[in-house]
Number of protein chains: 2
Amino acid sequence: MKLTTRGRYAVTAMLDLAINGGSRPVSLADISGRQEISLSYLEQLFAKLRRGKLVVSARGPGGGYRLARSRTEIYVAQIIDAVDESVDVTNCQGKGNCHQGETCLTHHLWEDLSGQIHEFLSHISLGDLMEKRDPRNRSVSADGMLQTLSLR
Amino acid sequence: MKLTTRGRYAVTAMLDLAINGGSRPVSLADISGRQEISLSYLEQLFAKLRRGKLVVSARGPGGGYRLARSRTEIYVAQIIDAVDESVDVTNCQGKGNCHQGETCLTHHLWEDLSGQIHEFLSHISLGDLMEKRDPRNRSVSADGMLQTLSLR
DNA sequence: CTAATTCTTGACTAAAATAGTCGGGAATAG
DNA sequence: CTATTCCCGACTATTTTAGTCAAGAATTAG
């Protein structure tokens, strides 16, 4: 899990789409104007978002992008994963060296934390953000939630 | 809140310190060897960690760094904040334009999310990571926890 | 005291990621 | 037909990341 400015751009653009996309598609030019992101850069981002099945496109006049599904079914983690193509940072994997060494240990601890952050962002949808509501407040039992969020 | 590879290096190095730092300090050379991070780069990171009051140093033979306080009182968010010097990304602040525009709205939504991630990482200590334990599982009441994690 | 060790600091550099540019396409609504 | 919009690849400038180098200050061991 990595969280860079590109991820922020992507989430911002998707939020713009969720907010301004009613029945008709939203053009990248509109998003570019509102969010002050260069059109060509948006094109690159949306190419990835489309490959990630998060948006669908419509060409021609009146065309643009719309969310591929309900805003309550698109999660922040999916957006970031789509544009970030997370690189494998396993610098001890496959080499065969580093048997239970400190390197492996700390690396594993980081992986756990990274997994936790990913899990965290996997429960926040565009809809949740728009309503400024914590999705976990909807959970019926606190036990279930604790389990969801606990370390593996 | 930004989460880059530098933050990962810093957390990794601090974990190494927490694990290998008993009664005596740990030298950067040791950490460099174990974690395969260049010594000079570690020096830069630890300069910031020291300024952030997260570690204390001891010069001379047998010297090195040690945690400034207990591993249960050093949180991941503090480490990342110390090395990342988060840049302000308010591209509408102060300019006076953007009165409740879409730009401001989505920007604000991102700020909320960013704040949530920061809050999340503010509750995970080095000790928690080492014990692979979710700090929130310690909380007495689920209500209190829900409040802690809910959106502002 | 001396010498080895270790942190401290600043300037510099190579490599990678980020953000943006450009130019040409293809589809489609009107 | 034509304007609009997505689509795609190559290219470029800027910034960040990660690392290098060199000199110096503190401190401990002997």
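Heavy atoms only: backbone and side chains are in, while hydrogens, waters and symmetry mates are out.
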* To do: Drop me the distance from I80(B)'s CD1 to S122(B)'s OG, to the nearest 0.5 angstrom.
  => 9.5 Å
* S38(B) side chain: which of dG19(D), dG20(C), dA25(D) is closest? -> dG19(D)
* Structure fact -> Rounded to whole Å, CG of D84(B) lies from C1' of dA18(D) at a distance of 14 Å
* Asked: Hey, which of these two, G64(B) or P61(A), hits DNA chain C nearer its 5' end, going by closest nucleotide?
  -> G64(B)
* To do: May I ask you to say what A58(B) touches in the nucleic acid, namely base, sugar-phosphate or nothing, with a heavy-atom cut-off under 4.0 Å?
  => sugar-phosphate
* Compare side-chain N and O positions of S57(B) against OP1 and OP2 of dT8(C) and report whether any pair is under 4.0 Å apart. => yes
* **S40(B) vs G60(A), nearer the 5' end of DNA chain D by closest nucleotide** => G60(A)
* Structure fact -> To the nearest angstrom, the CG-C1' distance between L45(A) and dC8(D) comes to 15 Å
* Asked: Closer to the 5' end of DNA chain D via nearest nucleotide, is it Y41(B) or L39(A)?
  -> L39(A)
* Asked: dA18(D) phosphate, OP1 or OP2: any side-chain N/O from T5(B) under 4.0 angstrom?
  -> yes
* Asked: Within the modelled atom types, does a donor on one side and an acceptor on the other bring the side chain of E43(B) and the base of dC7(C) under 3.5 Å apart?
  -> no
* Asked: If you check the Y65(A) side chain, which of dT20(D), dG20(C), dC6(D) turns out closest?
  -> dC6(D)
* **Phosphate contact (dC7(D) OP1 or OP2) by R50(A) side-chain N/O below 4.0 Å** => yes
* **Distance-only polar pair, side chains of D128(B) and H123(B), donor-acceptor under 3.5 Å** => no
* To do: Please determine if a side-chain N or O atom of T4(A) lies less than 4.0 Å away from the OP1 or OP2 oxygen of dA17(C).
  => no
* Check whether any side-chain nitrogen or oxygen of R24(B) sits under 4.0 Å from OP1 or OP2 of dT6(C), and answer yes or no. => no
* Structure fact -> From CG of L42(A) across to P of dC7(D) the rounded distance in Å is 13 Å
* Structure fact -> Atom CZ of R59(A) and atom P of dC6(D) are separated, to the nearest Å, by 10 Å
* Shortest side-chain distance from Y9(B), nucleotide among dA19(C), dT5(D), dA18(D) -> dA18(D)
* To do: For A29(A), report the nucleic acid contact type (base, sugar-phosphate, nothing); a contact means any heavy atom under 4.0 Å.
  => nothing
* Asked: Within a radius of less than 6.0 Å around CZ of R24(B), do more than 12 heavy atoms belonging to other residues, nucleotides or ligands occur?
  -> no
* Asked: CG of L129(A) to CD of Q116(B): how many Å apart, nearest 0.5 Å?
  -> 7.5 Å
* When the distance from CD of Q44(B) to C1' of dG19(D) is rounded to whole Å, what number comes out? -> 8 Å
* For the side chain of R6(A), starting at C-beta, report the closest nucleotide among dT27(D), dA19(C), dT20(D). => dA19(C)
* Atom-to-atom span, CG of L3(B) to C1' of dA17(C) - whole angstrom -> 16 Å
* Atom-pair distance (CD1 on I37(A); C1' on dT18(C)), nearest Å -> 13 Å
* To do: Starting from P on dC6(D), measure out to CZ on R66(A) and report it in whole angstrom.
  => 12 Å
* To do: List the steps, then state whether side-chain hydrogen bond (donor to acceptor under 3.5 Å, both in side chains) holds for E73(B) with S125(B).
  => CA-CA 6 Å; E73(B) 295 172 298; S125(B) 73; over 6 Å; no
* Worked verdict on T72(A) versus S70(A) for side-chain hydrogen bond (donor to acceptor under 3.5 Å, both in side chains) -> CA-CA 5 Å; T72(A) 61; S70(A) 160; 2.8 Å; yes
